[in-house]
Structures are given as structure tokens and as C-alpha cells.
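Have a look at the structure below, then the notes.
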Amino acid sequence: MHKIIVRGNNPLFGEVDIQGAKNSALKIMTASILTPEPVIIDNVPNIRDVSVMADVLKELGLTVAREGRKVTLQANGSIGIEAPYQLVSQMRASIIVLGPLLARFGRAKVAMPGGCNIGLRKIDLHIRGLEKLGAKIDVGQASLEVRTDRLVGANIPLDFPSVGATENIMMAACLAKGTTVLDNAAREPEIVDLVNCLNSMGARINGAGTSTLIIEGVERLKGVSYKVIPDRIEASTFLVAGAITGGDVTVKSVCPEHLGLVTKKLKMVGCEVSEGENSINIKGPSSLKPVNISTLPYPGFPTDMQAPFMALLSKAEGLSIITENVFENRFSFINELSKIGGQITIERHHAVITGGRTMVPGVVRAPDLRAGAALVLAGLAAHGSVEITDIHHIQRGYEDFTSRLASLGANIEITEDESLVELAVGDGLNFETPSAGVGL
Ligand code: EPZ
């Protein structure tokens, strides 16, 4: 087991290249199921979730070859239809193989992804949408089985603009007979990226980025060579690193328009933010102003930036309120933040953050991907050293996070968590592999 040690309180300076979007790359990888031809994806980040998705697809029988940030996939051999628990339990996004398997082979069986520490993570919207396309669904305790003789286009209104449900239903509808109208669809840039990739494969999807997607089913899809968009959440995370340390940081290879509300909120807390064509520069102020934030589906403020902003606003001069409207349990890391100086009270889905706090040394545990990154950001502002354990969560979604922060001047390193090794030897404790919880 490893841990991160960050010795904070020095401003970050410099430039960092942003990697490809995790939450787009993973879904474009599953789109390769829809065709027997090769799908070549570029700008795929070198992160743990991509490795897990590659394992899921290999388990299904696809060939998957990785060369740096280029991944080549092909579903032309004998393709299974079952994604097993030991892989699905590591990463919830595995559920996105459902739609493509159903569309291409008429059957799919996926272990139930279950909840995780940011919420129940239900899949009722996925199920209802696939049923409207003509799938028969058996929901078991441990797994979900879907089958169909032929998917037929339908009008499908989503109760909530679910990213995953939009992706699963859209990919199933690509090969359905007739036209599907998906209302209240998700509008995230990652959805637009997936639509652009599918249309390059011969799909006929209109409305990308709006709440209404119109998918005209086609007979087959062809192979493609496609480059994934930059990761707006990773870019936002590095901008907050510049803001919380009062530094001067530029993120490069980004789409500034994808960070809409995040950059607006960074300006409201007092940062100087300037946008280039594919870059954003931030200069953090000597003192931060409080601000209120409500997370919402895109183009609202992204829920994935809620934890990093909670760390940032702990330093602001005054009271801030963050309201979490997307997930029902995404304040779980507040206990960890309070161990190193945070002071936050919860009132239902509102977090009231007392500002003017000085982050202090301590040992904390990363409960999930984005909260883990937020604890690192809090450590960057700490007077002394902060140790963060369970860092496998962070490695799921941020490529070389610590070395890239170090390149900006952060005093940060990954070391062996010898405390666990001693305990394990001394007390004979049996340490489970860390992926007991379902990935996000
Ligand atoms: C995607 O998760 C992202 N993950 C999440 O990023 C992101 O936070 C989320 O979208 C919202 O933007 C990936 O793309 C791999 P949802 P997803 O379906 O698709 C409820 C990260 O850190 N819901 O939009 O699972 C659900 O419970 C991760 O990178 C239902 O009720 O999100 C949640 O409260 C974390 N029924 C809300 O909708 C359903 O059938 C949003 O979920 C589906 C969802």
C-alpha cells in the first residue's frame, strides 16, 4: 500500500498538460463492441480505470492493444456477453457495456454495479430505457440480464439527465430498427464526444449537447480512429491547485468552454483567470472570497468539483454554502477534511463551510477519487505535512497526479505506507485488496 505525503504552504507555478477525459475514454472504449472493425482511440489517459475497462472488454473477448495513450480495440472474434462481478465491482462504468452488447448481440449479462461511497448509484433509468427499446430484462440479486430479438426505436423521456443512462440507451439505439427520441438526455461534453465518435462510425445521432437526442438506427457501424477530448475535471483540479496555493498555473491542451461555471466561480473567489484557445491561466489571490455553489448536471456546476471546491472554500474569508444536487451522499469526505483543519456542518444536502481555516498536518484517508484529489489540494495549502492513504482511489482517475503537481513546485511524494506493512506483520491483520468498494 502507498500513501501521499504533501508538505504544503508554497505557491505553485508553471504549466501542466491535461490528459484525455476519463469519463469519455471509458465509454468510447465500450463503443468498440458495436462493430467488428478496429476502433483506434487516441489521447486515452494512463489511469487505473482505463486498465480495468480494458480487462472487462478482454474478458468479453475483444482484442485490446495499448501503445502509450493510443488504444486499439476490436470485437471480431467470439464475443461473450457477460461482464463478471470481480471486474464490474472495481468500476461502475463497466455497466456501459450493456447497451452495446444488447445492440450488437441481442444479449448481455452484467454484475449489478451496486452503490459506492457517493451514493446508491441506481440503474433504473438505464433499465427502463432499454425496456422501451424492446429489451427483456431480468434483474437478479447479483446480476442483470438483458435480451432482445430486435431493438426497435422509441420515444424515451429520462426522469433525470443521467450520463450513464444516456450513453447506454444511445448506444443501444444506434443499431435499433427505426428512430429513437431521447428526451432530458445528459448534455455533458463527454456525451458530445461519444456522439461524435459514434457518428464517425456511421451512426446517425442528432442533438448532441442538447436535452433531446434523435438516434436513427442503422444496420451496422464501421471502425474509426478517434481522439478523446481533454479532461475538464482534471483541468479544473489543477486550476484549484493554483488557486488554493496563491500560485500562477496554466493548464494546456484544454477546451476552455468545457469549464464554464468552474472558471466563473474561480473568478468569484478572487482569482485572475485568463483563457487562451486551448489553455487557461489562473493566478491565485492572497486571500479568497466565500462563494455559494449548487452542483447540477452540465452545464451546471460539476458535482465532480464539489470536493475540491470544499477544500478551496475552507481557506476563503467567510462562510460558503455548497449544495449537492446530483448525488445523495457526496459529503462523506468532510470527516477527513476536518482532521486537517476543515470546519463544515451539514444540513441535508447543504454543506456550510466556515472559511479562514488554516490547514494543519495530519493523516487522512481518500474515500473516493475526487475527494482524494481534494485532500491533496488541502494538503498543498497546509502549514506542515499531510499524509493521504488509500491513494488507489486517486490513481483511478488522475495520471501521475503527484509528479505533475511536483513539476509545478509542490513538495509532494508517494511513499510506501510502512505503517500498514508493520501492522500487517505485527498484528497479523488481513488487509483486503483496496477495491472492495464499487468504483465511481
Ligand atoms: C458519471 O457517472 C460520471 N462517471 C461521474 O463521475 C459523474 O459524477 C456523473 O456522471 C455526473 O456527472 C463516469 O462517467 C464514469 P449519472 P454516472 O447516471 O453516469 C442517479 C468521477 O469522479 N441515477 O448521471 O453514474 C444517480 O444515482 C465520477 O469521475 C438514477 O437514479 O452518473 C445519481 O444520483 C463520479 N438512476 C444521479 O442520477 C439511474 O438509472 C447522477 O448519475 C442512473 C442514475
Side-chain angles (χ1 to χ4, degrees), residues 19-30 45 47-50 52-53 56 88 90-99 110 112-132 137 139 144 156-171 184-194 228-229 231-237 258 261-262 295-308 324-333 349 366-374 393-399 437-440:
Q19 304 306 331
K22 164 179 89 82
N23 293 345
S24 177
L26 294 175
K27 311 346 168 17
I28 291 176
M29 287 172 75
T30 67
I47 53 176
R48 198 171 287 201
D49 272 9
V50 166
V52 173
M53 183 57 88
V56 171
V88 174
Q90 291 182 48
M91 183 186 62
R92 172 189 165 70
S94 318
I95 191 85
I96 306 295
V97 302
L98 261 185
V110 178
M112 287 302 264
C116 64
N117 43 24
I118 63 173
L120 287 173
R121 311 301 295 275
K122 296 183 292 183
I123 57 168
D124 54 320
L125 301 177
H126 298 242
I127 291 170
R128 280 213 295 273
L130 296 177
E131 278 176 334
K132 282 191 189 291
I137 307 219
V139 183
L144 173 76
I156 304 172
L158 284 178
D159 291 349
F160 180 89
S162 154
V163 169
T166 299
E167 291 158 342
N168 247 335
I169 296 164
M170 175 168 73
M171 286 200 272
N184 197 24
R187 300 168 53 189
E188 276 70 3
E190 294 76 27
I191 298 286
V192 176
D193 210 22
L194 178 59
V228 172
I229 56 170
D231 194 316
R232 61 192 169 100
I233 303 299
E234 179 185 89
S236 304
T237 306
H258 291 167
L261 259 186
V262 170
T295 68
L296 283 169
Y298 195 89
F301 187 90
T303 174
D304 293 345
M305 285 307 295
Q306 179 250 94
E324 172 56 60
N325 297 305
V326 178
F327 288 101
E328 64 270 38
N329 178 33
R330 203 164 193 176
F331 289 146
S332 62
F333 97 117
H349 58 305
D368 63 64
L369 167 58
R370 305 302 177 186
H393 287 296
I394 302 173
Q395 293 164 329
R396 288 186 43 221
Y398 291 96
E399 181 179 326
V438 176
L440 298 181

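The basis for the numbers below is simple: all heavy atoms, side chains too, and nothing from hydrogens, waters or symmetry mates. The first residue in the sequence is number 1, and the count goes up from there. Order of listing sets the numbers, starting from 1, for every ligand and every atom in it.
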At under 4.0 Å between heavy atoms, is it the side chain or the backbone of [X] that contacts ligand 1, or both, or neither?
{"X": "Lys22", "answer": "side chain"}
{"X": "Glu190", "answer": "neither"}
{"X": "Arg330", "answer": "side chain"}
{"X": "Ala93", "answer": "side chain"}
{"X": "His126", "answer": "both"}

Are [X] and [Y] close enough that some pair of their side-chain heavy atoms sits under 4.5 Å apart?
{"X": "Leu98", "Y": "Met171", "answer": "no"}
{"X": "Arg370", "Y": "Arg330", "answer": "yes"}
{"X": "Glu188", "Y": "Arg232", "answer": "yes"}
{"X": "Asn184", "Y": "Pro157", "answer": "no"}

Before signing off on this row, confirm whether [X] and ligand 1 have an N or O atom pair separated by under 3.5 Å.
{"X": "Leu369", "value": "no"}
{"X": "Val326", "value": "yes"}
{"X": "Val163", "value": "yes"}
{"X": "Leu125", "value": "yes"}
{"X": "Thr303", "value": "no"}

Full working for side chain to side chain contact (heavy atoms under 4.5 Å, CB included) between Leu26 and Ile96: CA-CA 9 Å; Leu26 294 175; Ile96 306 295; over 6 Å; no

If the contact criterion is a heavy-atom separation under 4.0 Å, does [X] count as touching ligand 1?
{"X": "Met91", "result": "no"}
{"X": "Met305", "result": "no"}
{"X": "Lys27", "result": "yes"}

Proximal ligand 1 atoms for [X], defined as those under 4.0 Å from one of its heavy atoms:
{"X": "Asp124", "answer": "30 (C), 31 (O), 36 (N), 39 (C), 40 (O)"}
{"X": "Phe160", "answer": "37 (C), 38 (O), 41 (C)"}
{"X": "Gly164", "answer": "18 (O), 19 (O)"}
{"X": "Glu328", "answer": "34 (O)"}

Asp193 side-chain N/O to Ile229 backbone N/O, donor-acceptor pair under 3.5 Å: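 Answer holds: yes.
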
Between His126 and Asn168: side-chain donor-acceptor atoms closer than 3.5 Å: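 Per modelled atom types, His126 and Asn168 side chains form a pair under 3.5 Å.
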
Polar side chain donor-acceptor pair, Glu324 to Thr295, under 3.5 angstrom: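 Their side chains do contain a donor-acceptor pair, which is all the 3.5 Å distance test asks for.
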
Where Gly20 and Asp231 come nearest, the two heavy atoms and their spacing: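 It is O-CB, 3.7 Å.
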
Side-chain ion pair, Asp304 and Lys22, N-O less than 4.0 Å: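 Salt bridge absent between Asp304 and Lys22.
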
From CE (Met305) to CG (Leu261), nearest 0.5 Å: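 Spacing of CE (Met305) from CG (Leu261) equals 12.0 Å.
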
